[in-house]
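Naming: A, B, ... by sequence-line order, numbering from 1 per chain. Bear in mind that the values here come from a model prediction, so they are computed numbers and not experimental data.
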Amino acid sequence: MRKHQSLQYILIFIVAQIAWLSLLGLWIYRYVTSYVHVADAGPELYRQWISGKADVLALVGGLVLLVAISVGMSLLYARLNSQLKITQLYDTFIANVTHELKSPLASIQLALETLRERRISRPKQQEFVRLMLQDTNRLNSLINAILEIAGLEQKKIAHRFEVHGADAVIRTLAREAAEQFQLPKRAFEIRGSAPCRCVADRDALKMVFNNIFDNAVKYSSGSPEIRVNYHCTSNTLTIDFKDRGIGIPSHDLKNIFKKFHRVHDRDAPSVKGTGLGLYWVREIIRHHGGRTSVFSDGKNRGSTFRVELPVYRPSKKNRINRLLEIARQMPRQPDGKDGDSRG
Amino acid sequence: MGNRNRILLVEDEETLAVGLEYNLKKEGYAVTRVSDGKKALESFRTKSFDLILLDIMIPFVDGFEVARRIREESPQMPILVLSARSRAKDRIKGLEIGVDDYLVKPFHLKELLLRVAGMLKRKKWYRSSVEKSPVYRFGANTINFGDLTARSGKGVLRLTFHEAMVLKYLMDRRGKVVSRRELLENIWQIHAEVETRTVDAFIVRLRKYFEPNPEKPVFIKSIRSAGYLFTDA
């Protein structure tokens, strides 16, 4: 893919150079011949010279070539620019993944060496074992996320789509996420009513909830607070996750679901993450035929992540029924991952 | 109890911080643990410490910036960086800011404890060794090893503790070639050859401070395949 793109850039560059040299040659030729004619024939030929067809063609041709050069150069610049941005994002991703892999690894190694080197009381041993398991879970989640991202992109992930009652699935998943992130009762609230059904892979949807909760927790300066509101119309089930975190700058709103993108805010209370979490959210919801969006009133004013899913109606021959059909035909996909950084 | 060395541990990874704190306390150190750059600077300004263990990727103010601000206020404070970043440019950046040592995660417990103990021991030795005659002169440079200040043709500057130690080690052996390995073993107490970049980074900084032309050093010379030679002639 990269080789193909490089060839494209080289081709654009060569065409631009040929155009530029042709233009230069044409103008030199025109200048020399015109000069000779004027010198030989004097002012008599001057009128012919300025009204001649060949000159008009040369002028128009020159302009066309100039435009072609400009377009070629602009294309080249835009491509190179986007390539540079991708490379930068990739470098950041590698640095973040390195950090996310090495930190729990360092912790496990330290705990193991401590257990080996020191005489430790039974309760302290248990604590070290608990910490190590916490780290192995974290490593497992991260490795799964990285390995399965390609599968999700290439639609190789076999979702187990089923029809769920919207009320039940939303309330259960939200409560499970709140428990996982150990949110106290006052920090979590769920409101709404949705007497409709939706087609969803429950495990995939769990990842969506967990990633959104994880973001809210990571990007809250004080104690995190999350409010889940949901409702449905005849076509759409809407779930809003509102947090009271540090918010998202307006220039980051459009990029936040992009792969590897992370918000760089000096006031962010966490530096953990790989830039894959919200990308996962967007991709999973897209596979469900839904859409994701985010709103924020600005810095320190919280943010709201919105997930919209199509409502299931048995009579309707649409995408949802096709998803159900595909799910019946495909083998079950093993368990996934959760929890990642903003963006 | 009152003579215990005090360590400020700056680490945002909860599980790692718990293990580090436990082990440092077992070694007899008094440990203050914080999880972000803001708290690290607050603690540094309100309490007294003998050494700082610092992670780089921490919230609010990153580790490099924390080290830079601490260096401005306390050139002698030993700072040991613990970081997942293993690239040479990160290490060099840290050393240029003035951190004294850089340990990459994951690390061995024994190695960490040795480095911490070594840094604290050298700090003590250094203080006692420069107590009697702290001021040295060579060329247009005057070094006060007591308060870690220096005056060179380029103005007044402050040395970090490890910069001063490297310089003092070379000056005490003037006219003799000192290998990188020797410097590593005696200043940092490291026995790994892969760490020689650490020494080179310090030499580059010292030349920048004291050589009229750092590209053509006259005081701290490189001896090919052997090491460094200090001469004030």
Side-chain angles (χ1 to χ4, degrees), chain A residues 91-92 94-121 123-139 142 182 218-221 245-246 262-274 341-342, chain B residues 9-28 33-41 53-66 69 81-91 93 102-114 116:
Chain A
D91 284 349
T92 311
I94 294 294
N96 289 331
V97 167
T98 306
H99 179 259
E100 292 298 290
L101 286 172
K102 282 190 170 182
S103 295
L105 194 63
S107 175
I108 292 168
Q109 184 169 323
L110 180 66
L112 286 171
E113 289 186 11
T114 306
L115 290 171
R116 190 184 61 187
E117 303 291 332
R118 298 189 188 280
R119 284 185 181 176
I120 303 175
S121 65
K124 201 69 192 170
Q125 281 180 18
Q126 295 290 338
E127 189 189 346
F128 275 117
V129 170
R130 184 183 58 78
L131 293 174
M132 281 191 278
L133 286 173
Q134 206 173 309
D135 283 320
T136 54
N137 282 337
R138 190 174 150 197
L139 281 172
L142 177 67
Q182 297 171 349
K218 276 184 194 163
Y219 292 92
S220 293
S221 293
I246 60 166
R262 298 196 69 211
V263 173
H264 295 286
D265 189 335
R266 290 182 68 87
D267 294 332
S270 173
V271 293
K272 295 189 180 95
T274 57
S341 70
R342 171 155 290 176
Chain B
L9 171 62
V10 189
E11 175 60 72
D12 69 325
E13 297 287 341
E14 173 74 12
T15 54
L16 184 60
V18 169
L20 284 169
E21 187 179 15
Y22 175 81
N23 279 289
L24 291 168
K25 280 184 173 170
K26 281 280 173 191
E27 293 296 309
R33 172 154 66 102
V34 294
S35 58
D36 65 60
K38 266 188 205 169
K39 286 180 191 155
L41 289 168
L53 266 178
L54 181 63
D55 185 15
I56 293 299
M57 285 177 80
I58 46 175
F60 301 128
V61 184
D62 77 32
F64 287 133
E65 182 61 18
V66 171
R69 291 194 205 171
V81 161
L82 291 176
S83 175
R85 295 184 182 186
S86 55
R87 290 180 301 184
K89 71 172 187 182
D90 291 316
R91 284 165 175 253
K93 185 179 177 186
Y102 197 106
L103 196 55
V104 175
K105 294 176 188 174
F107 49 83
H108 291 292
L109 173 63
K110 276 186 179 171
E111 188 182 358
L112 170 79
L113 295 176
L114 274 175
V116 168

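Evaluation of the ring-ring contact (aromatic ring centres under 6.0 Å, His included) rule for Tyr22(B) yields Phe128(A) as partners, not counting sequence neighbours. Under the rule for a side chain to side chain donor-acceptor pair (under 3.5 Å), the partners of Gln134(A) that lie at least two apart in sequence or sit in another chain are Arg130(A).
Within the 4.5 angstrom heavy-atom criterion, no atom of Arg116(A) approaches chain B. Interface remark: Leu20(B) contributes backbone and side-chain atoms alike to the contact with chain A (heavy atom separation under 4.5 Å). Interface residue Ile120(A): backbone and side-chain heavy atoms are both found under 4.5 Å from chain B.
Note: Glu117(A) leads Glu127(A), Glu117(A), Met132(A) in heavy-atom pairs under 4.5 Å with chain B.
Once rounded to the nearest 0.5 Å, the distance linking CG of Leu109(B) with CG of Leu115(A) reads 10.5 Å. Between the CD atom of Glu113(A) and the CD atom of Glu111(B) there is a distance of 10.0 Å, given to the nearest 0.5 Å. In this structure, OG in Ser103(A) is found 6.5 Å from CD in Glu11(B), a value given to the nearest 0.5 Å. Remark: Asp135(A) CG to Glu14(B) CD distance equals 10.5 Å, nearest 0.5 Å. Atom CG of residue Leu16(B) and atom NZ of residue Lys102(A) lie 13.0 Å apart, to the nearest 0.5 angstrom. Here Thr98(A) contributes atom OG1 and Arg85(B) contributes atom CZ; the two are 10.0 Å apart, rounded to the nearest 0.5 Å.
Heavy atoms of other residues, nucleotides or ligands lying less than 6.0 angstrom from NZ of Lys124(A) number more than 12.
Gly19(B) approaches Leu110(A) most closely through the heavy-atom pair C-CD2, 3.4 Å. Nearest heavy-atom pair across His108(B) and Gln109(A) is ND1-NE2, 3.2 Å.
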Open item on the list: Run Arg118(A) and Asn23(B) through side-chain contact (heavy atoms from CB on, under 4.5 Å) and show every step you take.
Closed with: CA-CA 9 Å; Arg118(A) 298 189 188 280; Asn23(B) 279 289; 2.6 Å; yes
